[in-house]
Amino acid sequence: MSAERYLAQVPTAWCPGCGNFAIREALAAALDELGLPPHRVVLVTGIGQAAKMVHYMRVNGFDGLHGRTLAAAAGIKMANKDLVVIAESGDGDIYGEGGNHLLHNIRRDLDITLIVHDNRVYGLTKGQASPTSDPGFVTKVQTFGVISQPLRPLALALALGCGFVAQAFSGYGDHAAGVIARAIRHRGFALVNMLHPCPAWNRVNTFAWLKENTFSLEERGWDPAGKLEALELLLLEEKLPLGVLYREERAPFEDRHPVLRGDPLALRPLRQPEELAPLTAELS
Amino acid sequence: MSAERYLAQVPTAWCPGCGNFAIREALAAALDELGLPPHRVVLVTGIGQAAKMVHYMRVNGFDGLHGRTLAAAAGIKMANKDLVVIAESGDGDIYGEGGNHLLHNIRRDLDITLIVHDNRVYGLTKGQASPTSDPGFVTKVQTFGVISQPLRPLALALALGCGFVAQAFSGYGDHAAGVIARAIRHRGFALVNMLHPCPAWNRVNTFAWLKENTFSLEERGWDPAGKLEALELLLLEEKLPLGVLYREERAPFEDRHPVLRGDPLALRPLRQPEELAPLTAELS
Amino acid sequence: MELVVRIAGAAGQGVQTLGELLSRALFRHGLFVHTEMSYHSRIRGGENAYTIRVSDSPVLATKEKAHVLLALNDEMLARYGSLLVDGGAVICDASLSPSARAVRVPARELAARELKLPIAAGMVLLGALARFLGMEMGVLRDLVRERFGDRAELNLRALELGAERAPAGPWGLPRGDPEGRHFLNGAQGVGLGALAAGCRFLASYPMTPGTAVMVYLAAKSLEHGVVVEQAEDEIAAINMALGASYAGARAMVTTSGGGFALMVEGLSLSGMIETPVVIHIGQRPAPATGLPTRTAQEDLLFAVHAGHGEFPRYICAPRDPRDAFYLTVKAFQLAEKYQVPAIVLTDQYLIDSHFTVPEIDLSRAEVSDFRLSPEELARIPEYRRFAITPSGVSPRAIPGVSEKLVLVDSDEHDEHGRITEDLGIRGRMVEKRLRKMRGLEAEVSPPLVYPEGGLRGKTVLLGWGSSFGALKEAVDLLNGAGGDYALLHFSEVWPLRTAELARAFAEAREVIAVEGNATGQFARLVSQVTGLRASRTVGKYDGRPFTPEWIAEEVSR
Amino acid sequence: MELVVRIAGAAGQGVQTLGELLSRALFRHGLFVHTEMSYHSRIRGGENAYTIRVSDSPVLATKEKAHVLLALNDEMLARYGSLLVDGGAVICDASLSPSARAVRVPARELAARELKLPIAAGMVLLGALARFLGMEMGVLRDLVRERFGDRAELNLRALELGAERAPAGPWGLPRGDPEGRHFLNGAQGVGLGALAAGCRFLASYPMTPGTAVMVYLAAKSLEHGVVVEQAEDEIAAINMALGASYAGARAMVTTSGGGFALMVEGLSLSGMIETPVVIHIGQRPAPATGLPTRTAQEDLLFAVHAGHGEFPRYICAPRDPRDAFYLTVKAFQLAEKYQVPAIVLTDQYLIDSHFTVPEIDLSRAEVSDFRLSPEELARIPEYRRFAITPSGVSPRAIPGVSEKLVLVDSDEHDEHGRITEDLGIRGRMVEKRLRKMRGLEAEVSPPLVYPEGGLRGKTVLLGWGSSFGALKEAVDLLNGAGGDYALLHFSEVWPLRTAELARAFAEAREVIAVEGNATGQFARLVSQVTGLRASRTVGKYDGRPFTPEWIAEEVSR
Ligand SMILES: Cc1ncc(C[n+]2csc(CCOP(=O)(O)OP(=O)(O)O)c2C)c(N)n1
Ligand SMILES: Cc1ncc(C[n+]2csc(CCOP(=O)(O)OP(=O)(O)O)c2C)c(N)n1
Ligand code: SF4
Ligand code: SF4
Ligand SMILES: [Mg+2]
Ligand SMILES: [Mg+2]
């Protein structure tokens with residue numbers, strides 16, 4: 001088998017030189033490494049350049065609303081816990097419009113892998129600042145440069161108690177594939193913040209900049225068991241870590257929810273309404 | 001002068017024994033301590049028992065939609081930076097429905113004081129779990145007890161780079177008033193997570209429980225200058241800290257925004273449309 | 001025989017518990033019972049009133065004036081004392097001094113001294129009331145046991161203490177046989193309908209009065225295999241429901257107008273990805289937060305037109321809790337069959353009121369599976385989720401059950417669900433989606449005419465939803481006073497059936513729309529679809545439910 | 001004289017820049033120019049086409065077929081080559097081989113070799129096109145200098161290189177005088193209107209085509225003292241705007257249908273707290289994400305009925321960018337005067353298209369302050385923010401300017417804005433809010449009739465919004481072919497003026513609604529309000545703007 005089988009044979013609408021291509025390859029490689037049958041995987045996306053991923057892969061797909069990626073993914077996973085659910089979208093989608101769903105799905109801790117294409121810009125809508133844009137980043141809307149502080153996804157996820165917190169860079173495809181595979185393998189909510197250049201709109205966080213400003217956790221012999229250490233690293237390091245920053249094993253939502261024990265909800269047969277007779281008996 | 005002048009002489013709709021009464025006193029005391037004229041203060045609330053506060057105070061008030069408290073507050077502050085803007089609402093409002101506005105208003109860092117009445121339950125809608133409810137908390141909706149992990153507001157705010165992070169307890173009114181006063185004095189976004197019992201719906205985090213499970217930062221001689229130390233404390237301590245956990249001085253949004261220099265937007269006069277002649281000149 | 005009993009007190013004094021016990025006991029007496037809850041948006045204090053109307057023939061509406069008032073405090077005595085019929089009686093604590101005829105019982109003292117349970121004062125008064133009404137105490141005692149379990153003993157004693165101290169009143173309640181009847185409120189009707197229809201997933205954010213349906217399903221969750229998830233907000237709720245539905249679980253949300261306002265983008269998504277979802281909206285007075293615990297019919301035009309773009313939907317507005325059961329089942333069925341969103345439009349009055357209705361017949365609930373089975377999927381060489389068909393309905397597969405992949409997309413898409421900017425496909429997809437409206441039109445049942453028969457020459461009252469009972473009785477009142485009135489009443493409002501409207505407008509002397517809003521929303525909808533215009537609209541928008549008297553008076557102005 | 005020129009290429013090849021330069025140059029030649037942008041939802045690649053229609057008399061609509069096509073790549077040559085009029089010509093790179101008459105210039109080679117700037121190939125072709133059209137190169141050169149500043153030199157050389165290599169075509173473009181005219185697109189019209197009306201605050205979340213207004217205001221932000229804040233989502237945007245408005249800054253949001261769907265709860269809040277806000281909706285094909293960069297008129301009924309509960313609003317749908325200016329000013333004024341939300345309903349076609357229009361007269365923009373001044377406030381002994389008045393409009397103070405406190409509440413409230421559950425006040429507040437509708441009704445201008453004069457016996461085309469130009473020309477086409485047609489066109493759609501409708505329906509032989517949607521939304525609105533029913537609806541819902549030819553053909557079917 002090969003990673004090819006996960007790729008839809010359709011033209012893409014991404015710009016030449018964009019990091020999205022490498023992320024697509026990495027995702028396919030990760031699925032291949034795990035040997036997942038395409039029909040058991042559901043890729044859930046929102047709207048944006050990153051979100052177009054679902055159309056370029058050969059797996060099940062739910063391309064929903066901008067910002068609502070995780071909400072749809074959570075519904076899918078609860079309805080059929082046997083599906084491998086991967087949510088994927090842009091930094092605007094997940095950290096901007098969809099911020100509330102990120103907060104609360106980290107709390108839920110369903111077994112969902114979230115891959116955020118973090119190009120620090122709104123690509124599809126032509127280059128406005130995203131929540132991760134650097135202060136001072138100038139756009140046609142942020143004409144004086146970004147004034148707000150950037151959202152730092154890894155610190156946020158740690159503070160919310162996320163059980164798998166990782167970062168990768170589209171420029172290191174094999175490494176990215178490995179991180180994605182580990183995230184999918186993790187039982188519970190897993191965040192992969194995927195740094196990638198947007199040559200069309202982001203002239204600051206370029207490929208070269210990303211190479212320059214990241215470092216490998218593995219090369220430092222990082223042990224992802226320490227939350228405090230992870231927070232400390234994020235506070236003290238100027239550069240951006242790549243790899244699995246934190247990982248903690250625990251039973252995900254679906255294991256803890258009494259109704260979800262047994263067959264997936266979606267596969268339980270429709271009952272005869274007559275079976276509800278005990279309930280109508282309550283009406284007297 | 002006295003704190004009384006900030007209290008509206010109207011009957012309240014709170015339950016007897018509720019912590020909200022003490023919070024009201026504390027807020028009035030803080031305003032009095034700061035000597036703020038009522039008409040310079042705008043209290044912004046959402047919907048919930050906590051949010052009724054605005055009707056019981058004698059200051060300006062914007063009682064908006066459930067969850068949108070901070071969005072309205074941000075608009076008010078940008079429109080008139082000379083107003084003292086205090087946002088106040090419940091844990092459901094701010095951390096649940098309104099989570100996204102919390103994320104992004106911490107990033108904006110306008111000079112707004114946020115007081116969250118954290119009773120770890122949805123009071124007004126009759127006792128469902130809130131984002132801060134303890135795991136296992138049983139309600140008529142969470143019939144098996146809460147399954148998700150609780151949101152920890154102080155850690156979240158620290159991770160987001162909030163410049164003033166504090167917690168108080170309605171049971172210690174003077175202390176709470178002091179914390180609120182410091183929060184208002186802080187230039188920038190300030191979070192006060194206000195623990196309080198809800199005798200109607202929360203039989204777990206009672207007054208006694210809160211007394212038992214909190215400790216004073218001041219008594220420990222806490223220095224609110226260390227972010228890493230603050231994170232460490234939150235990770236390692238079982239009990240809940242009371243007082244100002246973290247504080248950092250910096251220029252708030254309104255100081256950094258070029259258009260906001262000068263008179264408040266709301267007070268700038270309407271211009272004669274003819275003054276736009278340079279713009280119509282561009283149309284040829 | 002007809003009697004209206006009202007129990008009124010502050011929130012926290014147990015008004016609802018007392019009202020439920022009493023009304024169910026009266027139901028078990030074999031009487032027709034209708035209840036209505038009026039309450040403030042607070043947890044303690046304020047005004048709670050539980051109005052119970054009892055009769056030996058069917059009653060489907062509430063009344064303003066009561067024969068007996070059980071007042072739990074001074075304020076309620078003052079507030080509701082004036083809403084007694086002439087010669088009405090008050091039951092209250094001995095410390096209160098009503099001006100009307102009264103049964104005064106030292107309930108507080110008894111509860112505190114004899115029972116060491118001050119809150120039981122209400123139960124003492126209930127005992128007195130039951131005796132005053134001439135009820136069989138055994139029925140009430142059984143109910144107290146069912147409800148309080150371990151804590152029943154003290155409450156039974158409280159009942160007894162009250163009953164001992166009250167005289168029998170002038171009403172010899174007749175006995176009947178409740179067999180063949182059910183007693184339930186709208187929340188139970190909707191909830192039970194959802195369960196019967198195979199609902200497996202509910203995601204919602206608490207909001208009065210929608211929460212009641214969530215609470216009902218949560219109570220049945222484990223036994224009936226339905227996940228009830230409290231979403232972080234209403235937007236999450238509808239998107240979670242759509243995710244669950246895509247994955248194959250029948251899914252619903254429950255909310256009120258304000259929460260629905262946040263679901264509108266998701267509604268449009270449902271239309272685009274042709275993924276069923278059932279939305280229960282319990283209406284309440286708005287705009288914005290409005291009056292959270294009151295009732296209204298203000299969200300009809302909003303529900304019909306909500307969402308950007310154009311797509312079919314189904315909207316029903318049940319008349320009573322039994323109707324809510326059948327129509328909720330139908331909403332699920334049509335949502336699944338046509339792959340559209342379906343809205344069940346109720347209101348606080350319907351949700352909170354108990355009605356005595358003919359037994360719900362579970363076997364009448366038609367439930368069928370419209371999804372492709374793995375076997376059917378296996379026979380399809382190339383699966384197209386959005387195949388363009390004459391009916392507009394495409395075969396629906398769910399992911400994971402076969403090797404066929406299922407792709408849905410909020411962008412315009414081709415038959416495979418893949419994003420497209422081909423404007424030719426766009427046009428065909430718009431037409432395909434809208435063609436489903438035709439099928440839906442044929443599913444809608446005709447409106448109800450009362451009294452049966454023609455409308456020729458009559459003044460026709462036009463109504464929809466939960467106003468049914470009050471309108472029906474208003475027609476009786478008006479006709480009893482020499483009028484010539486009839487009722488044309490809709491419980492399925494979109495698509496709108498037009499044949500009966502055309503006939504009614506052609507035959508009637510006059511058509512008067514009666515609605516729980518100020519702008520005549522249903523009348524406007526009728527005009528939009530048919531061009532037919534009601535001559536007048538009678539609107540109620542003060543948050544209170546309709547009463548037959550109010551309607552009769554307003555209509556004959 | 002009339003000429004249609006189309007520039008087509010992939011996203012990233014500079015189609016928009018070339019189109020803007022050329023069209024503005026033609027405008028400065030004193031010609032009437034109309035542009036239309038057709039593009040895919042992507043950043044590089046795909047299809048971008050810029051269609052420029054030029055005439056010596058006013059043109060207000062686009063055309064399908066072009067006389068000259070500047071094709072920047074092979075795909076666009078194939079795609080748009082077939083949309084040339086008979087005898088049309090192609091301008092393209094020497095490496096392409098069009099079948100039509102062509103001017104082939106080695107633009108890529110020249111750009112790469114001579115200019116060392118491959119992207120400049122487009123500019124070389126533009127030079128060739130300009131020469132071919134017989135334009136004055138000086139005008140174009142000035143524009144290139146204005147636009148590129150420092151980087152102008154290379155582009156000027158590119159122009160030159162192209163011009164040198166092209167023959168003059170058969171079109172001797174006449175010269176005119178642009179004096180007294182403006183050339184602008186809908187985004188500029190709305191943006192300028194907002195500035196003229198005193199807008200101080202815009203909060204929005206990017207969404208095509210609404211973003212264009214945000215970008216316009218952002219560019220003017222510092223100079224004109226307006227804060228442009230990118231909100232975290234659309235819900236934040238509208239609530240921020242309402243906060244700003246409460247505090248006294250005129251505020252607006254800009255979005256598309258999908259973003260508006262998220263603002264609906266906020267819209268209802270605006271209605272309840274009677275706090276003005278202006279909402280610009282740039283319509284695009286839906287449901288859901290739909291076709292993000294295409295055009296539609298699908299959100300009319302949604303905009304009219306959006307929001308739970310009942311409250312007045314004002315909705316305009318401008319005909320062209322100049323109209324957008326005046327109507328945006330009016331929207332702000334009415335929002336402030338009546339303390340209601342006002343919606344400016346445009347679409348992608350209007351927002352992105354440049355029109356040649358009679359000069360905007362700034363002095364015609366009426367702007368007045370409806371807020372209480374501190375002095376006025378000082379004279380009021382007891383300030384009541386929601387005082388019940390005959391007009392429904394209460395005196396509006398802003399907080400902080402005097403010692404009077406200002407309280408607004410999303411719950412039902414009393415005259416002071418304090419939360420109430422008094423159902424008597426409720427009723428009066430509903431009536432007070434709805435009374436404002438009467439005042440608004442009187443503010444709406446009559447629809448436009450074309451040709452001027454009576455409608456008796458004519459077939460009347462009924463339209464609204466940006467379809468105006470195409471409809472007007474369609475009427476000319478139809479009448480030119482012996483028909484007897486007229487146009488009745490609305491640019492203010494809510495409240496709906498009924499007098500002219502009644503007259504038109506009474507006089508006309510037939511009324512045909514022509515709309516950019518599939519369900520005849522305006523026709524349905526007319527029927528809802530008046531009971532009058534168009535005999536037929538011609539709907540366009542493929543994402544493309546109307547052309548006069550398309551309308552004429554569909555109407556005469
Ligand atoms: C409700 C809503 N608001 C706004 C949009 C417009 N929109 C589409 S994609 C996008 C942002 C894309 O940015 P990001 O998520 O970072 O993805 P990228 O294109 O950078 O990969 C926006 C704002 C939308 N489709 N829906
Ligand atoms: C959009 C919307 N959703 C839901 C509600 C119903 N609602 C009102 S208050 C509330 C929760 C209150 O909880 P919290 O914010 O913790 O305040 P508390 O009552 O506990 O002080 C909810 C869900 C609403 N008003 N609006
Ligand atoms: S806009 Fe940026 S992120 Fe999107 S495809 Fe182009 S380069 Fe990549
Ligand atoms: S419900 Fe709880 S929080 Fe609300 S007033 Fe009552 S006791 Fe206080
Ligand atoms: Mg991005
Ligand atoms: Mg709470």
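Convention: sequence-line order gives letters A, B, ...; per-chain numbering from 1.
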What option among [options] has the most heavy-atom pairs under 4.5 Å with chain C?
options                        : value
D:S41, D:G257, D:G307, D:A306  : D:G307
D:R294, D:E298, D:Q521, D:R428 : D:E298
D:A518, D:G427, D:G271         : D:A518
D:T519, D:D299, D:V304, D:I273 : D:T519
D:Q283, D:Q528, D:R42          : D:Q528
D:M263, D:E421, D:H413         : D:E421

In Å and rounded to the nearest 0.5 Å, what is the [atom1] to [atom2] distance from [X] to [Y]?
X      : Y      : atom1 : atom2 : result
C:M429 : D:L291 : CE    : CG    : 11.5 Å
C:E265 : D:T289 : CD    : OG1   : 7.0 Å
D:E310 : C:N517 : CD    : CG    : 4.5 Å
D:R284 : C:H308 : CZ    : NE2   : 7.0 Å

Which bit of D:T530 comes within less than 4.5 Å of chain C, counting heavy atoms only: side chain, backbone, both or neither?
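Interface part for D:T530: backbone (N, CA, C, O).
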Could you tell me which portion of D:I235 (side chain, backbone, both or neither) has an atom closer than 4.5 angstrom to a non-hydrogen atom of chain C?
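For D:I235, side-chain heavy atoms alone lie under 4.5 Å from chain C.
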Does C:E412 have any side-chain hydrogen bond (donor to acceptor under 3.5 Å, both in side chains) partners at least two apart in sequence or in another chain, and if so, which?
C:R426, C:R433
Check each atom of [X] against the heavy atoms of chain D and say whether the ones under 4.5 Å are side chain, backbone, both or neither.
X      : value
C:R524 : both
C:D411 : both
C:V529 : backbone
C:T420 : backbone

State whether the number of non-hydrogen atoms from other residues, nucleotides or ligands found under 6.0 Å of D:E554 atom CD is greater than 12.
yes
Sequence neighbours excluded, which residues qualify as side-chain contact (heavy atoms from CB on, under 4.5 Å) partners of C:A288?
B:L65, D:S268, D:L269, D:M272, D:S410
Partner chain D: residue of [options] with the largest heavy-atom pair count (under 4.5 Å):
options                        : value
C:D542, C:L434, C:D409, C:L525 : C:D542
C:E47, C:R544, C:K540, C:E431  : C:E431
C:G266, C:S527, C:P287         : C:P287

